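Residue numbers begin at 1 in each chain, while the letters A, B, ... track the order of the sequences. Computed from a predicted structure; not experimentally measured.
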Amino acid sequence: MSLQKRCGLPRLQAAKATTTSTASTTVVPWNSRLRELANQCHFAEALTLYRQMLRSGHPPNAFTFPSALKSCAALSLLVTGKLLHGHVVKTGCEPEPFVQTSLISMYCRCSLIKNARRVFEDNDSSRKLTVCYNALISGYTSNSKISDAVLLFRRMREAGLSVNSVTMLGLIPGCIDPVHLGLGMCLHGCIIKSGLDIDLSVGNCLLTMYVKCGSVDYARSVFDEMPGKGLITWNAMISGYAQNGLATHVLDLYREMEFLGIRPDPVTLVGVLSSCAHLGAHGVGREVEQKIKFHGFGSNTFLSNCLINMYARCGNLVKAHAIFNSMVEKSIVSWTVIIGGYGMHGHGEIAVQLFDEMVRTGIRPDKTIFVSVLSACSHAGLTEKGLEYFTAMERKYGLQPGPEHYSCMVDLLGRAGRLKEAEDMIGSMQVKPDGAVWGALLNACKIHKNVDLAELAFKRVIELEPRNVGYYVLLSNIYTDGENLEGVLNVRKMMRERQLKKEPGYSYVELKGKVNIFLAGDRTHHQTVEIYKMLYELESLVKELDEYKENKIQGKNEELLISEGVHSERLAIAFGLLNTLPGTEIIVIKNLRACRDCHLFIKLVSKIVDRQFIIRDATRFHHFENGICSCKDYW
DNA sequence: TTAGGGTTAG
């Protein structure tokens, strides 16, 4: 069957299109409508109109093809695109630079770079305009062929063609990988030299490039130096900070934006909410929820998903579930975040029920939701259920498990004490195990005090992630548990040799929408003097407690022999006490696990002052029950 | 009348 018949397009009469012919004047209203539809992203309708146009005997001309080809490109309709190419040739429109550009762009969008190149090379060089080069450069970049894009860029300059902002917008996204940062910086130099840095889109694109390369400081200097910032600029910087885990920077920038009276859009608020979730900044999150209502973004599924995630991570599952229930259209992400929320707080049964309910509503699970549900099973001790889901994942849904699923399974079996099965599962993996898989086994060895297997897991995990301090700490703690001092010293020696240091622990308290961060021994806060005074008083009061004194004297409970010190948690507690009224709930968030010492300190302080303290780990809520962490930390 | 580009959740 011919391509034309397959696509339902009528045979085209050869008709030379010139702007002066009588035929072309009759097609003007068709072309206008076609362009209108394509510009409004009604691509399928645009192609239907194109077919109608041909059937009614109106031959297309050079003004018809760009809109039709753009529609094919947007819908990735390569067969129709090739057919249109045939029409272009038949009507003699091929040399037209605008048509040529549209053809190049269509082939690039359909990932047929060779055809795009052929169109480009087959044409007379005198008709190759900047736009043609731009289309092919952008095509190379979006098909991960950055070196070809650069070669073409050089050729373009050698041909004496002018380079404009769109050329740069085509090239820069090719440098979004840290390995291409050098090239990106060269382009940045070129941009400044040619004065294109004043273009808002170029600035936004450069900023995004630095963000994706992880060079947030460079991104910030581009941001600061941009003469006119648009909403996209603010959003790019906010989501850039969020993607790089710099949540406090996100909140500061959002405050600045508010101060300047710039109205946020849903994209801004997505970045802000993900940072609130990261920090456990419940208050700012609530404020953002009000803003969402105020601006009428309530029906935005992205934002609802972010709100659910934020409330769930801040421990407010009631609110998270209420938002989830109120959503008219729930996406798979909505189900993933609510299931993940219940899972991370140890409510595995609810997570499992929700998963089954989702499947009943006809949503097909994807790989990500299996991570949520498997990890929920693992934290709630639902071992058999987890194994059942893991089998169904491949057999029923045809999803090949990745390392992230195996690490959940190793964790699940490991926590249940089935260490041999966990080890065998790693051995049976179709994909290469990553650090998290061996790390899960190492963690299980700590729980079940299996030193031999721990040493093997440590050996493997260190091969994969030699600079991850957490694993050294874990092994050292395993040795401490087994009273193996030599082992502890060996780990410390290894760390010294490799110049590894444990990441400093910090704590934060959110107050009146501002996140107040403290490091151990921190003296940078503007209330430092009052905080230290308060901490000193608290420590003295704790020692006065009968409970403390009695245990100390009789040596009944070693746990109550807490040490003195300016731990970050204690500074956060003192700060919270200074700035809140009696009866308030103070949530202290930790970046790493809070030490047992600090949990005891909080417990005793709570007896003296009328405040309710909750200490939460920013990423690992499941280690805490009723605000008390069950993990020991000997460092 | 015509083409090429930048920010978004689990």
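- Classification of A:R51 and A:E45 as a salt-bridged pair fails, no side-chain N sitting under 4.0 Å from a carboxylate O.
- Using a 4.0 Å cut-off between a side-chain N of Lys or Arg and a carboxylate O of Asp or Glu, A:R117 and A:E121 qualify as a salt bridge.
- As judged by a 4.0 angstrom heavy-atom cut-off over every strand, A:Q243 is placed among residues touching the sugar-phosphate backbone only.
- A centroid separation of 6.0 Å or more is found between the aromatic rings of A:H87 and A:F65.
- When distances are taken from the side chain of A:C205 to each of B:dT2, B:dG6, B:dA9, the shortest belongs to B:dG6.
- Neither side chain, A:D224 nor A:S221, offers a donor N or O lying under 3.5 Å from an acceptor on the other.
- Picking from B:dG6, B:dG5, B:dG4 the nucleotide with the shortest atom distance to the side chain of A:N204 gives B:dG6.
- A heavy atom closer than 4.0 Å to some atom of DNA chain B occurs in A:N164, A:V166, A:L169, these being the qualifying members of residues 148-174 of chain A.
- When distances run from any side-chain atom of A:P66 to the nucleotides B:dG4, B:dT2, B:dA9, the shortest one goes to B:dT2.
- Between the CG atom of A:L303 and the P atom of B:dT8 there is a distance of 14 Å, rounded to whole Å.
- When the C1' atom of B:dT8 is taken as reference, atom OH of A:Y241 falls 19 Å away, rounded to whole Å.
- Here the nucleotide nearest the side chain of A:V337, chosen from B:dG10, B:dT1, B:dT8, is B:dG10.
- A:T233 pairs by the side chain to side chain donor-acceptor pair (under 3.5 Å) definition with A:N204, not counting sequence neighbours.
- Set against B:dT7, B:dG4, B:dT1, the side chain of A:T101 has B:dG4 as its closest nucleotide.
- Across all strands shown, A:D366 has heavy atoms under 4.0 Å from base atoms, whether or not it also approaches the sugar-phosphate.
- Rounded to a whole Å, the CZ atom of A:R35 is 13 Å from the P atom of B:dG4.
- For the ring pair (Phe, Tyr, Trp, His ring centres under 6.0 Å) test, residues two or more places apart in sequence or in another chain that qualify with A:H321 are A:F324, A:Y342.
- Looking at A:E289 and A:K319, a side-chain N of the basic residue comes within less than 4.0 Å of a carboxylate O on the acidic one, giving a salt bridge.
- With rounding to whole Å, A:K229 atom NZ is found 19 Å from B:dT7 atom P.
- For A:Y218 and A:H188, the gap between ring centers reaches or exceeds 6.0 Å.
- Residues from residues 107-115 of chain A with heavy atoms under 4.0 angstrom of DNA chain B, sorted by number: A:R109.
- The A:V267 side chain lies nearest to B:dT7 when the options are B:dT7, B:dG10, B:dT1.
- Within the structure, every side-chain polar atom (N or O) of A:Q100 is placed at least 4.0 Å from both OP1 and OP2 of B:dT2.
- Spacing between atom CE of A:M106 and atom C1' of B:dT2 amounts to 16 Å, rounded to whole angstrom units.
- The separation between A:I292 atom CD1 and B:dT8 atom P is 18 Å, rounded to whole Å.
- Of the candidate nucleotides B:dA9, B:dG4, B:dG6, B:dG6 has the atom nearest to the side chain of A:L200.
- Using a cutoff of 4.0 Å between basic side-chain nitrogens and carboxylate oxygens, A:R33 and A:E36 are scored as salt-bridged.
- Distances from the side chain of A:N31 to the nucleotides B:dT1, B:dG5, B:dA9 place B:dT1 closest.
- A salt bridge links A:K291 with A:E258: at least one charged nitrogen is closer than 4.0 Å to a carboxylate oxygen.
- Among pairs with a residue in residues 227-251 of chain A, none fulfils salt bridge (Lys or Arg N to Asp or Glu O under 4.0 Å), at least two apart in sequence or across chains.
- A:I332 comes within 4.0 angstrom of a base, heavy atoms only.
- Among the nucleotides B:dG10, B:dT8, B:dG6, the one closest to any side-chain atom of A:N309 is B:dG10.
- For the segment residues 244-253 of chain A, the set of residues with a heavy atom within less than 4.0 Å of an atom of DNA chain B is empty.
- For an aromatic pair to be called close, the ring centres must be under 6.0 Å apart, and A:Y133 with A:F120 satisfies this.
- Within the 4.0 angstrom heavy-atom criterion, only backbone atoms of the sugar-phosphate kind lie near A:S138; the bases stay farther away.
- Residue-level contact check: A:N305 touches the bases, meaning some heavy atom is under 4.0 Å from a base atom.
- Tested against A:F370 for a ring-ring contact (aromatic ring centres under 6.0 Å, His included), the candidates A:W335, A:Y406, A:F355 yield a single pass: A:F355.
- Look at CE on A:M358: it is 12 Å from C1' on B:dG10, rounded to the nearest Å.
- Residue A:T368 places none of its side-chain N or O atoms closer than 4.0 Å to OP1 or OP2 of B:dG10.
- What separates NE2 of A:H405 from C1' of B:dG10 is a distance of 12 Å, to the nearest Å.
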